[in-house]
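Everything on this sheet refers to the single structure shown next.
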Amino acid sequence: MAEKKARLTIDGESIDLPVYSPSVGPDVVDVARLISLGYFTYDPGYLSTVSCESAITYIDGDAGILRHRGYSIEQLAEHSNFLEVCYLLLYGKLPTDEEFSNFQSAIQLEQTIEDYLISVLSGFSRDAHPMGIMCSLVGAMSAHYHNEIDITDIENRHKTAIRLIAKIPILAAMTLRHIRNQEFIMPDPNRGYGENFLHMMFSENDSSPISSVLARAMDRIFLLHADHEQNASTSTVRLVGSTDANPYACIASGIAALWGPSHGGANEAVLQMLKEIGDRSKISEYLERAKDPSDPRRIMGFGHRVYKNYDPRAKVLQETYREVLDSLDIESDPTLQMAQDLEKVALNDEYFVERRLYPNVDFYSGIILKALGIPTSMFTVIFVVGRTPGWIAQWNEMISHGYKIGRPRQMYTGDVIRDYPLK
């Protein structure tokens with residue numbers, strides 16, 4: 001029961017609307033009954049619209065806060081790992097040692113790839129876009145597992161979550177190796193999640209060593225992207241899920257939404273910007289032109305739509321960024337040198353500081369992925385691997401409670417009525 005009410009007055013008629021208070025964050029005005037009175041709300045981009053109730057992730061963009069199930073992203077990045085955060089997102093608590101061991105074992109049992117997925121993958125040309133391939137592979141899973149899916153069954157949803165967390169990184173690594181015309185490397189049960197992913201991507205044989213610094217960096221990138229509240233791709237997964245669609249189809253829809261350069265492609269845009277700058281000596285010139293509102297150039301990787309302060313994920317990743325660059329020889333890589341110079345300029349430039357245009361998670365993740373040797377076209381696929389547990393947790397939360405099929409309204413501005421012309 002709402003303790004407060006908001007009063008809306010239209011043409012002299014007042015309407016009382018319930019106001020709800022969440023555990024933390026802004027109060028919410030319930031406008032659901034407006035439709036019965038002949039009104040809709042208008043909010044392009046849903047900037048002020050709450051689409052659901054969730055207990056998974058909380059963001060305060062003004063304060064630079066990101067928490068999963070109440071735990072700050074800073075503490076999770078320092079003390080946890082990606083798989084433990086997966087468990088936290090899915091089940092609402094940190095696992096005991098026994099629970100975590102069982103969770104890892106369940107994932108390892110699903111780390112196989114069936115022949116039908118290899119057949120789908122082999123049908124793509126070597127120059128096919130990796131995100132299109134990932135959409136297709138997960139779409140194929142929706143067809144393969146369709147008959148055994150019962151979204152009303154808790155155990156069935158649990159099995160689906162485990163299967164996706166296990167298989168998505170394998171499919172991602174296989175996609176890269178297919179594009180490069182290399183033999184597939186299957187996962188090694190003795191390696192950690194991030195280490196295993198790099199192993200499947202780059203190893204020449206089953207015993208190839210992976211640097212612990214790089215493995216930790218990969219795991220942290222996954223962890224920092226695991227969930228981010230009701231963004232475009234997560235909202236897409238929920239909207240498609242509200243139709244009772246197959247969960248694999250829901251995740252495929254999330255991958256499609258993430259593909260957009262304004263969403264998951266932002267770290268790729270950072271590398272494209274550095275390529276456009278071209279040389280360390282041209283950084284200042286580029287930034288001056290980008291500051292000009294009449295110039296079409298944009299400064300990619302700085303500032304964030306949600307975070308009006310420093311992106312907390314960027315603070316964490318900045319440390320990883322330095323660890324990775326320190327462990328590698330970057331003197332011969334002009335792109336990484338430019339990135340370091342650009343970071344220094346932006347952190348001290350008055351224009352950036354006044355507008356709080358700090359380096360965001362896309363800036364640091366893009367540079368780290370470049371340093372790891374991952375091609376730019378694969379950057380958003382890395383995002384898919386990290387975001388999969390968040391999508392599944394959000395879908396499972398919605399399915400576990402009462403929900404309605406999503407049906408946004410519109411403000412129609414076309415012709416009212418037209419007569420068909422008779423000849």
- Query: Relative to the ring of Tyr91, is the ring of His158 parallel (under 30°), tilted (30 to 60°) or perpendicular (over 60°)?
  - Reply: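 Tilted, since the angle between the ring planes falls between 30° and 60°.
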Just wondering, are more than 12 heavy atoms of other shown residues or ligands nearer than 6.0 Å to [atom1] in [X]?
{"X": "Phe184", "atom1": "CZ", "result": "yes"}
{"X": "Glu148", "atom1": "CD", "result": "yes"}
{"X": "Ile118", "atom1": "CD1", "result": "yes"}
{"X": "Glu53", "atom1": "CD", "result": "no"}
{"X": "Asp115", "atom1": "CG", "result": "no"}
{"X": "Asp292", "atom1": "CG", "result": "yes"}

- Query: Salt-bridged, Arg67 to Glu74, with N to O below 4.0 Å?
  - Reply: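 Judged by the 4.0 Å cut-off on N to carboxylate O distance, Arg67 and Glu74 do not form a salt bridge.
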- Query: Does the pair Glu288/Lys291 count as a salt bridge with the N-to-O cut at 4.0 Å?
  - Reply: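 Result for this pair is yes, salt bridge flagged.
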- Heavy atoms only: give me the nearest Asp227-Gly390 pair and the separation to one decimal.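 Closest approach of Asp227 to Gly390, heavy atoms only: OD1-CA, 3.4 Å.
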- Minimum heavy-atom distance Gly301-Val270, with the two atoms named: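 Here Gly301 and Val270 meet closest at CA-CG2, 3.7 Å.
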For residues [X] and [Y], is any side-chain donor paired with an opposing acceptor at under 3.5 Å?
{"X": "Thr41", "Y": "Asp43", "answer": "no"}
{"X": "Ser365", "Y": "Asp362", "answer": "no"}
{"X": "Tyr248", "Y": "Arg163", "answer": "yes"}
{"X": "Thr380", "Y": "Trp259", "answer": "no"}
{"X": "Tyr403", "Y": "Asp244", "answer": "yes"}

Within the distance-only criterion (no hydrogens, no angle test), does the side chain of [X] pair as donor or acceptor with the backbone N or O of [Y] below 3.5 angstrom?
{"X": "His225", "Y": "Ile221", "answer": "yes"}
{"X": "Thr49", "Y": "Tyr46", "answer": "no"}
{"X": "Asn102", "Y": "Glu99", "answer": "no"}
{"X": "Thr320", "Y": "Ala217", "answer": "no"}

- Item | Positive for ring pair (Phe, Tyr, Trp, His ring centres under 6.0 Å) with Phe82, one of Tyr87, Phe103, Tyr193 |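 Only one of Tyr87, Phe103, Tyr193 forms a ring pair (Phe, Tyr, Trp, His ring centres under 6.0 Å) with Phe82, namely Tyr193.
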- Message: Checking Arg322 now: which residues fulfil salt bridge (charged side-chain N to carboxylate O under 4.0 Å, His left out) with it, not counting sequence neighbours?
- Response: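 Per chain and number, Arg322 pairs via salt bridge (charged side-chain N to carboxylate O under 4.0 Å, His left out) with Glu343.
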- Item | Pair Gln111-Ile170, side chain to side chain contact (heavy atoms under 4.5 Å, CB included): steps then yes or no | CA-CA 8 Å; Gln111 287 181 326; Ile170 306 175; 3.9 Å; yes
- Query: So, Phe302 versus Phe363, ring centres under 6.0 angstrom or not?
  - Reply: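 Yes, ring centres under 6.0 Å apart.
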- Message: Name the residue from Thr234, Val306, Thr57 that meets the side chain to side chain contact (heavy atoms under 4.5 Å, CB included) definition with Glu229.
- Response: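 Going through Thr234, Val306, Thr57 one by one, the side chain to side chain contact (heavy atoms under 4.5 Å, CB included) with Glu229 is satisfied by Thr57 alone.
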- Apply the side chain to side chain donor-acceptor pair (under 3.5 Å) test between Asp16 and each candidate in Arg7, Lys5, Arg33; give the one that qualifies.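 One option only clears the test, and that one is Arg7.
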